[in-house]
There are 2 protein chains.
Amino acid sequence: MSATDERTTADARAGYADPLIKRVMAANGIEYAYRELGAGEAPLVLLQHFRGNLDNWDPALIDDLAAERRVVPFDNVGVGATTGTTPNTVEAMAHDAIAFIEAMSFQQVDLLGFSIGSFVAQEIALIRPDLLRRVVLASSAPQGATGMHGWAPEVIRAVGQPEPNPQGYLDVFFAPTSASQQAGQQAAGRIFGRTTNRDAPTTWQTRQAQYDAVCAWGIPNHALLQRVAAIDLPAFVANGDSDPMILPRYSYLLAGLLPDARLTIYSDSAHGFLFQHHERFAADVHAFLEERA
Amino acid sequence: MSATDERTTADARAGYADPLIKRVMAANGIEYAYRELGAGEAPLVLLQHFRGNLDNWDPALIDDLAAERRVVPFDNVGVGATTGTTPNTVEAMAHDAIAFIEAMSFQQVDLLGFSIGSFVAQEIALIRPDLLRRVVLASSAPQGATGMHGWAPEVIRAVGQPEPNPQGYLDVFFAPTSASQQAGQQAAGRIFGRTTNRDAPTTWQTRQAQYDAVCAWGIPNHALLQRVAAIDLPAFVANGDSDPMILPRYSYLLAGLLPDARLTIYSDSAHGFLFQHHERFAADVHAFLEERA
């Protein structure tokens, strides 16, 4: 057994609470930071939310996903421990993600994109459809939908400041109910309680570039809604019923525009519905990814 | 107590299983056939499905709705016992429905449109928004959505023939599961078991004109999807998860395009989800109509 194999086995025992960060050099000259957990045929590659790095995935969700498949979260260009500068368009982020997938020598993957990561997932499906098998779009919206030009003022105040704001995180990722807030405290404990093998923090450059991309994505343009009609991959669209960052109506819209989408709205939850309802969401993802074509 | 009051009281006791058909003359020269049940401020006016007349509303649903409000199903122009010729566009049907509402001297109404009736409801909301308070869109779709140019071949075979096809009705209005088919048998018993005070049957002229309107509504035109963005009334969009006549994806799309929509998809049910789940659907309609603005 090689040193790498030993580490992988140790990771599988520890779960996502304490995995090593791995690195791979891509053809674009970028060294990507990633983690991997679980085993299986088509890897499930994860695309992270606004300002998030590898550590911002709830270990409870990753462990639930990794119980049945190979799961690969990574930092896109300029994010966390990945080198380079974060680009300011979703399209460039998609090309950067494709470069990572190619560097990993994955022939075909399933994608799970969360928030801005779900915009990147849509773009990958449009640019390089053959690379994908199925796509999960969590807290998503199609480019050009009206009313989503940037996050709402209270949302960007809560999660857009230079320094992290723990209460702001809870306000955006969890619903204003005691059940959701309690789930939020637990998720935040798992996410921010990590003490070893931490990823590098995301920078202000990443925040600004990502927010430029978010605002550009939200420039209202009804004609652009038609783009996702070209995504004929099976898609699973999911959202929290009280998400203040990307309203559920955009999940309805996306699921209605996509030719082959399933839609689930999780009750009493917000942007972090997939952390709050990690067990049910992971079960729904597994069921979707295992559907017979 | 006048003769009319006595009749109304008798109707309330009997429920929708055996109500009188009433008639009102409108300014457009049409004599409209309608029924009414229940009491309350804003009447809930019902717009019926393809080829349906007053008798095709499940009495169980009407009774559940009338328990808390005034409910007014009517035959639009040329349908059942209403005089005139059925027009072949949704827009003309909307003007005809407005003429009925004016003839009834209703200042403002709630609308529940079902199937083609939901297309008419959208059009009324666009033509005469001030006439409406809130709108329920059951088994609906926005004009211009792709993939709905006419009913699917198996659907039009089942419900589009000159003679009624009881099995075809069950196949389209109920899901292919034992629970849904059993509910369908019960609903069909309530709907078709009526022996007195029957409405006039709908004609082939109505069928052809309505189907022309349905096909025109489904001519794919992405730009037309933007029309419903002008409906800023509160809307409740509802569908069965297995509706073969108007797929749930069009409810997603509609709810995503409407500025102020709630969406509920009812499990294990098809086009007749509102008959199968009459109790829950009526409760959801009451809750929606009683929301504080």
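A note on names: the letters A, B, ... follow the listed sequences, proteins ahead of strands, and every chain is numbered from 1. Just so you know, these numbers come straight off a predicted model, no measurement behind them.
- Of the atoms belonging to B:Leu247, not a single heavy atom falls under 4.5 Å from chain A.
- For chain B, the nearby parts of A:Leu225 are the backbone and the side chain; heavy atoms of each come within less than 4.5 Å.
- Side-chain atoms of B:His222 do not come within 3.5 Å of backbone N or O of A:Leu224 as any donor-acceptor pair.
- For A:Gln108, the CD atom counts as densely surrounded, since its 6.0 Å shell holds more than 12 non-hydrogen atoms of other residues, nucleotides or ligands.
- Only the backbone of B:Ala223 comes within contact range of chain A, judged by heavy atoms closer than 4.5 Å.
- By the 6.0 Å contact criterion, CD on B:Glu41 is open, its count of non-hydrogen atoms from other residues, nucleotides or ligands being 12 or less.
- Here A:Ile265 contributes atom CD1 and B:Tyr252 contributes atom OH; the two are 9.0 Å apart, rounded to the nearest 0.5 Å.
- Between the CZ atom of B:Arg249 and the CG atom of A:Asp260 there is a distance of 9.0 Å, given to the nearest 0.5 Å.
- Within a 6.0 Å sphere centred on CD of A:Glu154, other residues, nucleotides and ligands contribute more than 12 heavy atoms.
- Contacts between residues 109-121 of chain B and chain A, defined by a heavy-atom separation under 4.5 Å, are made by no residue at all.
- In this structure, A:Leu253 and B:Leu257 have side chains that are in contact, with non-hydrogen atoms separated by less than 4.5 Å.
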